[in-house]
**Student:** 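Structure incoming, see below.
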Amino acid sequence: DARVTQTPRHKVTEMGQEVTMRCQPILGHNTVFWYRQTMMQGLELLAYFRNRAPLDDSGMPKDRFSAEMPDATLATLKIQPSEPRDSAVYFCASGLVRPGTGGAGSNQPQHFGDGTRLSIL
Amino acid sequence: AQSVTQLGSHVSVSEGALVLLRCNYSSSVPPYLFWYVQYPNQGLQLLLKYTSAATLVKGINGFEAEFKKSETSFHLTKPSAHMSDAAEYFCAVSGHGSSNTGKLIFGQGTTLQVKP
């Protein structure tokens, strides 16, 4: 089965350090999503890309977070500088989205990676 | 705008008992609806999806859900709980057709506990 691969699975670092999380989407999927999961807020959509172009990053703190897709096989989420409140599990998901015209659009469901568990001390 | 409400953050059932996890949605456009399951230290896995075909949708692991437009509900059921069903379950909604962005709006999740 094709899978979304996220690295690293765990990351512990001190506040102020740069953190980079990576995601390899499923081959052929045109849309990549970044989510953050915490006990308090649940699942939050941070940003998403279609065909490598950012479509919406309104869920992301702009001053310290950045998301990119250098190529179709790699998406990155960076935090600089990191803060303790950034501690969470970060998920990447990918899917095949066909925006509809005249109601004809259809999607394949999002497939999730196993996440990066981030702890900022 | 779309939203999802999952009634009950924790549900506890005995092994062999009926599982019922509730989900109500709000959507100004015809929705796609999904149930995902999350096991500890893993990502979300798709259980089933409703995409405007049959209103009763069968998924993996014996789960099914029924889309009821009049009640704006998409409750998840399983006739007989198994210990391995203990996990967190998420209901999600997205738009389709001209409102299709691929974005999912998730509920807050329901933790299912299965007692022996």
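The sequence lines fix the lettering, A, B, ..., with proteins before strands; numbering per chain opens at 1.
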**Student:** Which pair of heavy atoms, one from B:Tyr36 and one from A:Gln110, lies closest together, and at what distance?
**Tutor:**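 Heavy atoms of B:Tyr36 and A:Gln110 come nearest at OH-O, 3.0 Å.
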**Student:** About how many Å separate NZ of B:Lys103 and CG of A:Leu45, when rounded to the nearest 0.5 Å?
**Tutor:**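 Spacing of CG (A:Leu45) from NZ (B:Lys103) equals 6.0 Å.
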**Student:** Is the shortest heavy-atom distance from the side chain of A:Tyr35 to the side chain of B:Leu104 under 4.5 Å?
**Tutor:**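 Sidechains of B:Leu104 and A:Tyr35: in contact.
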**Student:** Which answer fits A:Gln41, side chain, backbone, both or neither, if we ask what part of it has an atom under 4.5 Å from a heavy atom of chain B?
**Tutor:**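 Backbone only.
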**Student:** Determine, using the 4.5 Å side-chain heavy-atom cutoff (strictly less than), whether B:Tyr25 and B:Tyr89 are members of one ILVMFWY cluster.
**Tutor:**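 Cluster IDs for B:Tyr25 and B:Tyr89 match.
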**Student:** Report which part of B:Gln42 has an atom under 4.5 Å of a heavy atom belonging to chain A: side chain, backbone, both, or neither.
**Tutor:**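 Answer is both: backbone and side chain atoms of B:Gln42 are under 4.5 Å from chain A.
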**Student:** Would you indicate whether A:Arg64, at its atom CZ, is surrounded by more than 12 heavy atoms from other residues, nucleotides or ligands within a distance under 6.0 Å?
**Tutor:**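 Above 12, so yes.
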**Student:** Tell me, do B:Gln38 and A:Gln37 make a side-chain contact under 4.5 Å, heavy atoms counted?
**Tutor:**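 Result yes, sub-4.5 Å side-chain heavy-atom pair found.
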**Student:** Return yes if a side-chain donor-acceptor contact under 3.5 Å exists between A:Arg117 and B:Asn41, otherwise no.
**Tutor:**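 Checked: A:Arg117/B:Asn41 side chains pair up, N/O donor to acceptor below 3.5 Å.
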**Student:** Where do B:Leu44 and A:Phe112 come nearest, in terms of heavy atoms and distance?
**Tutor:**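 That closest heavy-atom pairing would be O-CB, 3.4 Å.
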**Student:** For residues A:Met21 and A:Ile26: do they belong to one hydrophobic cluster (side chain heavy atoms under 4.5 Å, members Ile, Leu, Val, Met, Phe, Trp, Tyr)?
**Tutor:**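 Hydrophobic grouping puts A:Met21 apart from A:Ile26.
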**Student:** Following the transitive rule for hydrophobic clusters with a side-chain heavy-atom cut-off under 4.5 Å over Ile, Leu, Val, Met, Phe, Trp and Tyr, establish whether A:Leu118 and A:Val89 coincide in one cluster.
**Tutor:**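 No, A:Leu118 and A:Val89 fall in different hydrophobic clusters.
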**Student:** Might you confirm whether atom CZ of A:Arg9 has over 12 heavy atoms from other residues, nucleotides or ligands at distances under 6.0 Å?
**Tutor:**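 Yes.
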**Student:** Following the transitive rule for hydrophobic clusters with a side-chain heavy-atom cut-off under 4.5 Å over Ile, Leu, Val, Met, Phe, Trp and Tyr, establish whether A:Leu46 and A:Leu74 coincide in one cluster.
**Tutor:**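 No.
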